[in-house]
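Here is the structure we will look at.
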Protein chains: 2
Amino acid sequence: MMRPTRNGAQLITNTQGSAPGTGPQPADFTDVRATNLAVVLRFVRENAPCSRADIAASTGLNKATVSSLVADLIDRRLLRETGLTENRVGRPATMLVLDGSPYAAVGIEVNVDYLTAVAVDLKGEALLSWRRAFPGGSASSGQAVAGIAGVARRVVTRMTKEARQVLGLTVAVPGLVDLNGSVRLAPNMGWRDVDLAGDLAKALRDPGFPVLADNDANLGALAELRFGPHVGVRDLVYLTGEIGVGAGLVLDGRLRRGGAGFSGEIGHIEIVPGGPPCHCGRRGCLEVVAGLGALLDRTVPGGVSPAELEPEIDEVVQRAEAGDPVVLDLLDTLAGNLGRGVGIVANLLNPEVVVLGGYYVKLAPWILARAEQEMLGRSLAPAGGGCRLVVSGLGYGAAALGAAARVLDSVDSGRLPAPA
Amino acid sequence: MMRPTRNGAQLITNTQGSAPGTGPQPADFTDVRATNLAVVLRFVRENAPCSRADIAASTGLNKATVSSLVADLIDRRLLRETGLTENRVGRPATMLVLDGSPYAAVGIEVNVDYLTAVAVDLKGEALLSWRRAFPGGSASSGQAVAGIAGVARRVVTRMTKEARQVLGLTVAVPGLVDLNGSVRLAPNMGWRDVDLAGDLAKALRDPGFPVLADNDANLGALAELRFGPHVGVRDLVYLTGEIGVGAGLVLDGRLRRGGAGFSGEIGHIEIVPGGPPCHCGRRGCLEVVAGLGALLDRTVPGGVSPAELEPEIDEVVQRAEAGDPVVLDLLDTLAGNLGRGVGIVANLLNPEVVVLGGYYVKLAPWILARAEQEMLGRSLAPAGGGCRLVVSGLGYGAAALGAAARVLDSVDSGRLPAPA
DNA sequence: TAGAGTTAGTTCGTCTAACGACCAAACAAA
DNA sequence: TTTGTTTGGTCGTTAGACGAACTAACTCTA
């Protein structure tokens with residue numbers, strides 16, 4: 001059991017949604033309550049099933065306070081009492097778990113050719129997982145928003161039928177998304193200045209829950225943090241492995257989105273000066289020397305179509321498994337370039353973990369070791385500053401899952417649903 | 001006057017010094033008090049002189065609460081009442097200012113050839129500024145620590161003579177400093193695994209104030225944030241311009257040190273594959289293509305000695321001013337390479353500002369425009385994602401100043417001296 | 001089977017500190 | 001002088017964490 005770890009020097013800080021430059025906000029008692037409710041909620045999430053006494057002992061909160069907080073969370077239907085402990089000395093404890101049934105968090109990932117929607121309960125367990133073709137690349141942004149809204153409505157209806165209240169909806173987009181959830185630039189989608197979060201909220205007509213949008217890599221990082229095997233990790237970088245390459249940065253336990261929300265654009269860092277041309281107009285970008293487009297261009301005859309990405313990757317995997325020297329060589333080169341990109345991240349940010357997502361997962365057997373070696377060789381800090389390069393276990397749905405995780409994060413940081 | 005900006009969703013978060021992975025700490029009333037004391041202190045810092053009524057109106061705190069908080073801060077000798085307002089309708093207000101006299105924050109920067117010590121008061125005004133030769137590169141780490149301790153003792157004695165209490169001491173080191181203030185690697189100093197903060201605290205024999213150590217670029221970033229013209233900026237990157245090049249990262253308003261404390265090592269990112277060899281064993285590092293060593297190697301006959309850096313830079317400046325085409329060409333190349341490094345930072349972190357420090361300041365007329373152009377041309381986000389490249393106005397003492405700022409930051413975030 | 005011991009959770013009184021309402025003080029303008 | 005305005009303090013209220021005492025419900029032991 002954990003020991004109490006109270007610490008005298010704490011400040012109440014606004015954790016989300018505050019305008020930049022407003023400075024720290026003063027605190028009052030409701031903030032104390034919100035903080036402690038969130039502490040208990042998170043403790044139960046990580047330690048369920050557990051008793052009130054466990055919570056008190058581990059958090060350092062007073063037993064009476066914990067009882068009050070738990071009662072509040074039960075009122076809000078966030079926690080639920082389950083059975084009693086048995087065969088133990090002393091009074092049996094009533095165990096607490098997260099209540100999975102009353103709420104849902106919705107995440108949607110849009111991409112050039114497909115759209116993924118997931119809903120999870122408070123525990124993070126999947127309630128729904130749809131994947132369907134979506135003409136994101138060819139439709140106008142207005143049509144795309146309408147399509148997303150349609151899917152969102154259907155998800156919400158489904159959740160309502162299950163008697164669940166939707167706590168929020170987040171959309172993951174491959175592109176630059178500003179801090180207001182407006183897509184400033186999404187080259188693959190052909191979007192520019194689309195107020196996705198706003199338009200979607202309008203299309204859903206005052207949905208009664210927050211609608212947000214963010215970059216797919218950012219949300220992938222959140223998914224790793226919540227659903228991946230990274231207990232206690234506070235500095236993590238997630239790399240998407242699609243046609244493009246993007247990074248999501250979690251530093252000191254929170255997503256860092258940059259001044260305008262455009263952080264993580266690792267794909268257009270120059271890795272090979274004078275290298276192959278990139279659609280962005282420059283040459284040798286990480287994306288063209290370590291993304292999947294270039295790999296497929298050279299292995300699959302007739303060029304790459306986004307809609308056929310998965311079978312084409314499978315073909316690469318098959319040829320690699322068969323020992324095709326051309327493919328193995330290309331993968332080794334890709335791994336080297338990827339490792340150089342990871343090395344940049346390791347030197348600049350010193351994360352504890354860099355997670356490879358997307359199609360990198362399938363290619364991991366042929367690229368992971370080389371990329372890690374390359375990264376370690378380029379890190380100034382001994383042993384890469386403790387940085388590990390690992391493969392995501394979340395599969396393709398990471399961004400959508402992260403979008404849902406974004407909603408749960410918001411709950412975990414104090415935005416609780418009102419009591420009934 | 002600012003408008004009240006209370007925000008319902010706040011959490012009390014541990015702001016510093018907590019072990020990683022311990023998760024969020026519960027809050028009690030003392031945290032509310034500490035938070036609000038810090039809010040008032042910071043408000044007065046940024047708006048002095050101001051009245052209690054101003055504070056209440058701008059922060060949204062209750063007038064009665066503000067009065068109580070101000071009384072507390074006056075007890076602690078952090079604030080001081082100054083005169084009354086005149087010629088205004090209504091009762092004249094008693095104005096409040098930071099009390100500059102009772103405290104001092106000490107910062108020391110060590111380098112290969114020199115040592116800088118500064119002390120500032122609560123307002124950030126300089127009380128003392130020493131710069132002296134220091135055989136950091138040639139002495140053993142033990143001798144160096146003893147030397148630093150000697151200087152520190154003299155600074156403390158001086159402050160004590162002025163009847164000031166030292167609130168803390170921070171040492172800036174060019175190298176990898178872990179989260180405990182232990183220097184893991186400082187190639188230029190020839191140090192490895194030197195527990196600088198610990199040894200120094202020991203040498204000062206229970207000094208009664210915290211002794212910390214951190215990387216010079218990190219502390220330079222803090223100096224810019226506090227003393228530079230960057231009001232409201234929450235995402236800032238500072239680049240040191242010495243023989244080596246390091247970065248200090250401020251993201252979302254706080255220094256981000258990475259998982260082990262080794263963030264910001266931009267100097268050993270490969271910028272020119274197959275470029276000139278670097279002392280780290282690799283080639284084409286930013287440090288050798290945009291640092292000052294390479295520049296001086298090619299402009300100053302007979303190689304570079306750290307002790308002669310300043311006059312040698314001056315010679316470069318003179319030759320540039322005279323229009324020496326060789327020097328201008330070298331500076332242009334350096335600027336291009338620097339811009340490529342800044343472009344990486346802009347793409348990955350999307351800061352609002354990148355500040356060039358150290359000797360880059362003197363070279364700015366010949367490198368700033370080119371570097372900025374290069375950065376903008378490499379940023380995926382339009383207009384560099386709003387990133388500006390500017391020159392530091394703080395001069396060479398930035399790291400020492402930042403070390404002192406580190407102490408003030410600690411006060412600003414709630415670690416207040418006890419009342420008398 | 002009757003304590004004795006142990007653990008869980010509640011009740012109740014205390015205390016901290018923010019808040020709202022009110023009030024006196026001190027000025028300018030009429 | 002009167003009126004209005006602004007400042008800053010007092011006082012009672014209130015939210016909510018905390019500590020101690022208490023009850024509940026079990027196991028263990030004699």
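Letters A, B, ... mirror the listed sequences (proteins, then strands); counts begin at 1. Because only heavy atoms are used, hydrogens play no part in the values below, and waters and symmetry mates are left out as well, while side chains stay in.
Of the candidates C:dG9, C:dA17, C:dA26, C:dG9 carries the atom nearest the A:A53 side chain, counting heavy atoms from C-beta on. With C:dG20, C:dA18, C:dC27 as the choices, the nucleotide that has an atom nearest any side-chain atom of B:N36 turns out to be C:dA18. Relative to the side chain of A:R91, the nucleotides C:dA18, C:dA8, D:dC18 differ in distance, and C:dA8 lies closest. Out of C:dC19, D:dA17, C:dT10, the shortest distance to the side chain of A:K63 is found at C:dT10. Of the candidates C:dT7, C:dC27, D:dT7, the closest approach to any side-chain atom of B:R88 belongs to D:dT7. Nearest nucleotide to the side chain of A:L69, out of C:dG20, D:dA17, C:dA18: D:dA17.
In B:R76, the CZ atom is crowded: over 12 heavy atoms of neighbouring residues, nucleotides or ligands sit closer than 6.0 Å.
No side-chain donor-acceptor contact under 3.5 Å links A:N47 to the backbone of A:V44.
DNA chain C is contacted by both A:S51 and A:V89; A:V89 maps to the nucleotide lying nearer its 5′ end (nearest heavy atom per residue). Each of A:E81 and B:A64 lies near DNA chain C, and the nucleotide nearest A:E81 is the one positioned closer to the 5' end.
Dashed line: the shortest gap from a side-chain N or O of B:T94 to OP1 or OP2 of D:dG8 is under 4.0 Å. Not one side-chain nitrogen or oxygen of B:S67 sits closer than 4.0 Å to the OP1 or OP2 atom of D:dG8. Side-chain nitrogen and oxygen atoms of A:T65 include none within less than 4.0 Å of the OP1 or OP2 phosphate oxygen of D:dG16.
Partner of A:D412 under the salt bridge (Lys or Arg N to Asp or Glu O under 4.0 Å) criterion, out of A:R254, A:R45, A:R42: A:R45 alone.
Rounded to an integer number of Å, the gap from B:L37 CG to C:dA17 C1' is 11 Å. In this structure, A:R33 atom CZ and D:dC18 atom P are separated by 11 Å, rounded to whole Å. In this structure, B:N62 atom CG and D:dG8 atom P are separated by 14 Å, rounded to whole Å.
Look at A:R164 and A:E162 and you find a salt bridge, because one of the NZ, NE, NH1 or NH2 atoms lies within 4.0 Å of a carboxylate O, short of that distance.
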